[in-house]
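Note: hydrogens, waters and symmetry copies are ignored here, and every other heavy atom, side chains too, is used. Counting begins at 1 with the first residue of the sequence.
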Amino acid sequence: MKKRAEKIFVFAATLFAAAQGFSQSDPLVKEEIKFAKGNITDKIAAVKSSGNSALAKKAVDFVVDNAILLEGDRDLAGLAVAGILSYPVEEYQKNPVMVFQDFSDVFYGVDDINVRVSVLDKIAVLHEKKENSDWTAFVNGYLSQKVAAGGAADETVKKSIETLSSIGNGSSFGILHSILRQPIWSELDGDVSKALANICDKSLNEIFEAVEKADFVELKLLSKIFVKNQSISAALRSEIAEKTLNRAMILAGNSSHSQDLAVFQLEMAQVLAENKWTRAGDLAKSYFNMAKLDYNGKYLSAEQLTKSISCVATLSSRAAVQPFTEYLDLMNKAQEAGNAPDKTVVLAVINALAELGDKSSFDSLLYVTYVQNYPEEVAAAARNALTRLKW
């Protein structure tokens, strides 16, 4: 019995030793041992070579625990970069509060550009897996500090802007917008504009507020970022174009008429018409009155006014019939008085009424055919329009 027990003990001991030997020969276990026993350089090598997410978390924990003691140590910074870039996403999904605190401690505890860039890179990855407004607030806060401090933009500034391009929100708009409005980092204007465009759908209220307060220079900047950017959806571009056109008309109404402003309004109207944004129908009718004033003041050419007429017809549809017929009546009277209106403008109004086909324009169109000295082309267009009216 005693011999049998001894055999069992020897067998068990052999199994244990074999298991221990097997365990220590496992590549992952070897790296964990290397991490535990080695210096910081060994720890960096272990994290990089193992691909073990658990080891990456241990690296971050080690950095957090020793950040104050080893302040300014380049090896510790290297370990922080390795740990952050390999940090397990599943750990964040399980305990986002703890991970947020760890990343914050590493970011501010290790004063190193490469470490901070790595943290910002990883934040974008984690946020994509599980959105968390704390990350956005974190990056907003850091970028605000850098703006307030002034000085040259380092890599953390550029990376912060890039990160907000994917995780930014309405609060980010104000910070990014402020960078464009002051010439501190003009070399990053393209990056900032791209970030603003990417968060357009999350910052519409802030964009509208900026538009409502903007002068003409600011309006042109905002329209370049949002309205003329084809990467933004037609609906969002149209919403912003509508607000922008309204603001431009207010500026023009405040004695700020100019050729540039008149052309700018036409550009906004064309965006709305191209996207058939009929929600702006009432605004389009008001814009037609402004376009006529600009034409009379020689801020718009006849050709440009015809484009305005086409836009208004598209946006206002039947609501445009009355202002068009009233304008046609005025041009008829001017023709009779010997002050011949521009033929292209008259034709544009007649053709627009033909497209709309509303019978209420009958009298004005018929009158064109009786006015003396109108070119035959104008009379023929009026007759054609009459045949297209819907009764």
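Using a 4.0 Å cut-off between a side-chain N of Lys or Arg and a carboxylate O of Asp or Glu, Asp75 and Lys43 do not qualify as a salt bridge. Salt bridge annotation for Glu209-Lys213: present, with a cationic side-chain nitrogen under 4.0 angstrom from a carboxylate oxygen. Using a 4.0 Å cut-off between charged side-chain N and carboxylate O, Asp61 and Lys57 make a salt bridge. Ion pairing between a basic and an acidic side chain is recognised when a charged N comes within 4.0 Å of a carboxylate O; Glu155 and Lys158 show no such pairing. A salt bridge does not link Glu336 to Lys333: none of the charged side-chain nitrogens sits closer than 4.0 Å to a carboxylate oxygen.
Note: Phe103 and Tyr87 meet the aromatic proximity criterion, with ring centroids under 6.0 Å apart. Separation of the Tyr367 and Tyr374 ring centroids does not fall under the 6.0 Å cut-off.
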What donor-acceptor contacts under 3.5 angstrom involve side-chain atoms of residues 189-208, with partners at least two apart or in another chain?
unit_1, atom_1, unit_2, atom_2, d
Ser193, OG, Asp189, O, 2.9
Asn198, ND2, Ser165, OG, 2.5
Ser203, OG, Ile199, O, 2.8

Just list the side-chain donor-acceptor pairs under 3.5 Å for residues 267-280, sequence neighbours left out, or say none.
unit_1, atom_1, unit_2, atom_2, d
Glu267, OE1, Lys228, NZ, 3.3
Asn275, ND2, Ser238, OG, 3.0
Asn275, ND2, Val271, O, 3.2
Trp277, NE1, Glu242, OE1, 2.9

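A cation-pi contact, defined as under 6.0 Å to the ring centre and within 45° of the axis, links Lys220 to Phe216. Relative to the ring axis of Tyr92, Lys129 does not place its NZ or CZ within 45° and under 6.0 Å from the centre.
Lys292 places a side-chain heavy atom less than 4.5 Å from the side chain of Asn289. At a threshold of 4.5 Å between non-hydrogen side-chain atoms, the residues Val115 and Phe107 do not count as touching. Taking 4.5 Å as the limit, some side-chain heavy atom of Met249 sits within range of a side-chain heavy atom of Leu283.
With sequence neighbours excluded, the residues satisfying side chain to side chain contact (heavy atoms under 4.5 Å, CB included) with Ser144 are Ile175.
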